[in-house]
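The next block holds one structure in the form of structure tokens; read it before the comments.
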Amino acid sequence: MEMIHRYEKFFLGSTLVMLGVGLVAVMSSFFVNDLELPSPVKTVDPATFTSEPPFDKPGLFEVGENEYDAIITAQAWAFIPSQITVPVGSKVNFKIGSVDVVHGMIVHGTDVNLTIVPGQISEATATFDDAGEFLFVCSEYCGILHHNMAGRVIVN
Ligand code: CUA
């Protein structure tokens, strides 16, 4: 006597086949396209990139008229620098690298929402047309003081 009905066998079998196809699709996209962030990224050595420009001196740098590069390092549990001040109307290019684990960065009031993976530089640009203080926070759980990892953009 059959213990499993043949239809049931058929559906069990096709489920396994679909799982296999899904796994192959994910793995092949991983190996064919490499795993990388969707933003324009640069690959760095997480152990040494803070001793090379521009990450050896994190901070705010004027790169054009009303345009700034914010070079920021993320580490448990702080952004360095944690505060930047720009004039109203400034375009800020955030360039961020992590020195330890995966962090994130959401800048309130903007579209900036980055994942910061060790070994890759995350970039996003925002224009600050209104004066005020814009909080940025770490958006990936990175340890016991994750909730303290924050900073702000002051626009005046
Ligand atoms: Cu860094 Cu959470």
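In listed order, ligands and their atoms are each counted from 1.
- In the displayed structure, Ile144 atom CD1 is contacted under 6.0 Å by at most 12 heavy atoms of other residues, nucleotides or ligands.
- Within 6.0 Å of atom CG in Asn156, more than 12 heavy atoms from other residues, nucleotides or ligands are found, so the atom counts as buried in its surroundings.
- With hydrogens and angles disregarded, a donor-acceptor distance shorter than 3.5 Å links the side chain of Asp45 to the backbone of Ala47.
- Ring centroid separation for the pair Phe136 and Phe79 comes in under the 6.0 Å cut-off.
- Of the N and O atoms on the side chains of Thr125 and Asn93, at least one donor lies less than 3.5 Å from an acceptor on the other residue.
- His108 and Phe134 have their aromatic ring centers separated by at least 6.0 angstrom.
- Of all protein atoms, those of element N, O or S that lie under 2.8 Å from atom 1 (Cu) of ligand 1 number 4.
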